[in-house]
Amino acid sequence: MTTTETTPATTTATPPYAAEVPARVEWARHAPEVYKAMVRLDSAARKGLDPTLYELVKIRASQINRCAFCLDMHSKDALAAGESVERIVQLTAWEESRHFYTEKELAAIELTEAVTVLTDGFVPDEVYGRAAEWFDEAELSQLIAAITVINAWNRFGVTCRMAPGHYQPGQHR
C-alpha cells in the first residue's frame, strides 16, 4: 500500500515507513540516580578533549555496538558542531578512508575499536602505543574515559531499544 501526497505542482506516491518500535523500558525514568550519575560521568569524560574528536569516538563506538539511538544523537551533535557529512559517513570504513582524518583522530578511532571490541580480552600494545604517541597521559586518560562512557550508554540504548529520530542537537548537554 502506498500513500499519495498531493502538492499544487506534483503528485508522488511514497511507501509508508515501518512503525516505530517503542522502547522496552524507559530506564532513565526508573533508575534516575543511575542516569544522573551517567550524565555526570559523561560530562567529566569530555573535559580536555577536542569536541570533534569526542563526537567521532562516540559515533564510531555506537556504529560498532549498533546503537541507533546514540548514532542519531551523536551524528546530529557532530553536524551541529560543524562536522562534515562525509567524515561521519566514512567513519564506518575509516581504514579505507584514512585520508579524511588526522593521524591523531585515527589513533583515537583505532583505540575506540580496541576498547569497544575486547574479543581477545585486552587492548593490543601497538594500538595503545599509537594513541600514546598523540595524546599526553591526561588526555589519553580522558579519551579512555570517553570511550568507556559511550560504551555504557550504548549498552543502555541497545538493551532498552531506545528509538532514534527524536533527538535535537545539544538536547542532552
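Predicted, not measured: the structure shown is a model, and the values here were computed from it.
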Applying salt bridge (charged side-chain N to carboxylate O under 4.0 Å, His left out), can you list everything that pairs with Glu133, at least two apart in sequence or on another chain? none
Taking the side chain as every heavy atom from C-beta outward, state whether Arg46 and Val149 have any atom pair closer than 4.5 Å. no
A quick test of your reading: do over 12 heavy atoms of other residues, nucleotides or ligands sit less than 6.0 Å from CG of Asp136? yes
Working to the nearest 0.5 Å, report the span between CG of Asp72 and OH of Tyr167. 9.0 Å
Measuring from atom CG of Leu111 to atom CG of Leu143, what distance do you get when rounded to the nearest 0.5 angstrom? 5.5 Å
More than 12 non-hydrogen atoms from neighbouring residues, nucleotides or ligands closer than 6.0 Å to CZ on Arg155, yes or no? yes
Any Trp153 side-chain heavy atom under 4.5 Å of Lys58 side chain: yes
Distance-minimising heavy-atom pair for Ile150 and Ala61: CG2-CB, 3.6 Å
Report yes if the side chains of Glu96 and Gln90 come closer than 4.5 Å at any heavy-atom pair, otherwise no. no
Students should find that the hydrophobic cluster of Tyr17, defined by side-chain heavy atoms under 4.5 Å apart, otherwise consists of none
Please enumerate all residues that pass side-chain contact (heavy atoms from CB on, under 4.5 Å) together with Val158, with sequence neighbours excluded. Cys67
With respect to Glu110, which candidate in Arg130, Lys104, Arg98 satisfies the salt bridge (charged side-chain N to carboxylate O under 4.0 Å, His left out) definition? Arg130
Which distance, rounded to the nearest 0.5 Å, do you find between the CG of Asp42 and the OH of Tyr35? 9.5 Å
Less than 3.5 Å apart, any donor N or O on the side chain of Gln63 or Arg60 sitting next to an acceptor on the other? yes
Do His166 and Glu20 touch side chain to side chain, with heavy atoms closer than 4.5 Å? yes
Taking only residues two or more places apart in sequence or in another chain, which ones pass side chain to side chain donor-acceptor pair (under 3.5 Å) with Ser62? Asn154
Do you reckon Tyr54 sits in the same ILVMFWY cluster as Ile64, going by side-chain contacts under 4.5 Å, direct or chained? no
Residues in ring-ring contact (aromatic ring centres under 6.0 Å, His included) with Phe135, at least two apart? none
Pair Lys36 + Glu33: basic N to acidic O under 4.0 Å: yes
Other hydrophobic cluster members with Val89, side-chain heavy atoms of Ile/Leu/Val/Met/Phe/Trp/Tyr under 4.5 Å, chained? Leu56, Ile59, Leu71, Leu79, Val85, Ile88, Leu91, Trp94, Phe100, Tyr101, Leu106, Ile109
If Ile, Leu, Val, Met, Phe, Trp and Tyr residues are connected whenever their side-chain heavy atoms lie under 4.5 Å apart, and connections chain through other members, are Tyr128 and Val115 in the same group? yes
